[in-house]
Amino acid sequence: MSPTSEMIRIALLCLVAGVSLPLLVQLFLTLRSLQKVIVMFDKRLDPALRDLSHAIEGLRKAEPSNAASVIGAAALPALLAAFNAWKTHMAERASAESTTPTKDPTP
């Protein structure tokens, strides 16, 4: 092998190492941050699921008419919020369509 090809191989190896190491470090830091977020989310999720489980258990023990009123009371604000979000979206869409210039149909 000639010294020139050997120098090219060494230069390419240095280039690959120079590119790979920062990428691997960034991948490690990203995965570590993701792990911290998952641990934090897990700590918050367990009590929330426990509370939800207690609430569902209470609904199962309640009378059917009482359970329906509780579910209705919980569902009504959610439905109103969804309707308001839809109405806002439609209003924004209509205002966006009215501000876009329309082409004149006559040539």
Side-chain angles (χ1 to χ4, degrees):
M1 223 183 274
S2 69
T4 306
S5 66
E6 195 65 35
M7 291 297 283
I8 291 174
R9 283 185 180 202
I10 291 173
L12 288 176
L13 181 64
C14 291
L15 181 68
V16 168
V19 169
S20 300
L21 288 177
L23 288 175
L24 289 174
V25 168
Q26 186 64 40
L27 179 64
F28 171 75
L29 293 174
T30 302
L31 291 175
R32 188 172 63 176
S33 297
L34 180 64
Q35 181 185 22
K36 289 178 181 179
V37 168
I38 289 173
V39 167
M40 180 187 63
F41 183 71
D42 187 42
K43 288 178 182 177
R44 290 182 182 180
L45 187 62
D46 284 340
L49 289 176
R50 194 175 312 112
D51 293 343
L52 181 64
S53 158
H54 289 307
I56 291 173
E57 193 64 35
L59 285 175
R60 286 185 182 159
K61 291 178 182 176
E63 297 176 15
S65 62
N66 190 15
S69 66
V70 170
I71 291 172
L76 185 62
L79 289 173
L80 288 175
F83 177 72
N84 284 334
W86 176 77
K87 190 170 73 171
T88 303
H89 170 71
M90 294 305 285
E92 288 174 357
R93 184 174 165 190
S95 68
E97 288 176 357
S98 67
T99 59
T100 56
T102 57
K103 291 186 178 180
D104 188 17
T106 58

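Note that the structure is a prediction, hence the values are computed from the model and not measured.
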Participant: Nearest 0.5 Å please: distance from the CG atom of L49 over to the CG atom of D42.
Facilitator: 9.5 Å
Participant: Could you give the distance from CD1 (I38) to NZ (K43), rounded to the nearest 0.5 Å?
Facilitator: 13.5 Å
Participant: Quick check: is F83 connected to M90 through a chain of hydrophobic side chains (ILVMFWY, heavy atoms under 4.5 Å apart)?
Facilitator: yes
Participant: Output the distance between atom CD1 (I8) and atom CG (L15), rounded to the nearest 0.5 Å.
Facilitator: 13.0 Å
Participant: Please report the shortest heavy-atom distance between P22 and A17, naming the atom on each side.
Facilitator: CD-O, 4.3 Å
Participant: What's the verdict on side-chain contact (heavy atoms from CB on, under 4.5 Å) for I10 and C14, showing C-alpha distance, side-chain angles and the deciding distance?
Facilitator: CA-CA 6 Å; I10 291 173; C14 291; 4.3 Å; yes
Participant: Would you say that more than 12 heavy atoms from the other residues, nucleotides or ligands in this model lie under 6.0 Å from the CE of M7, or not?
Facilitator: no
Participant: Could you give the distance from NE2 (H54) to CZ (R50), rounded to the nearest 0.5 Å?
Facilitator: 7.0 Å
Participant: Atom CG in L34, atom CG in L27: separation rounded to 0.5 Å?
Facilitator: 10.5 Å
Participant: So if you build clusters from Ile, Leu, Val, Met, Phe, Trp, Tyr with side-chain heavy-atom gaps below 4.5 Å, do V25 and F28 land together?
Facilitator: yes
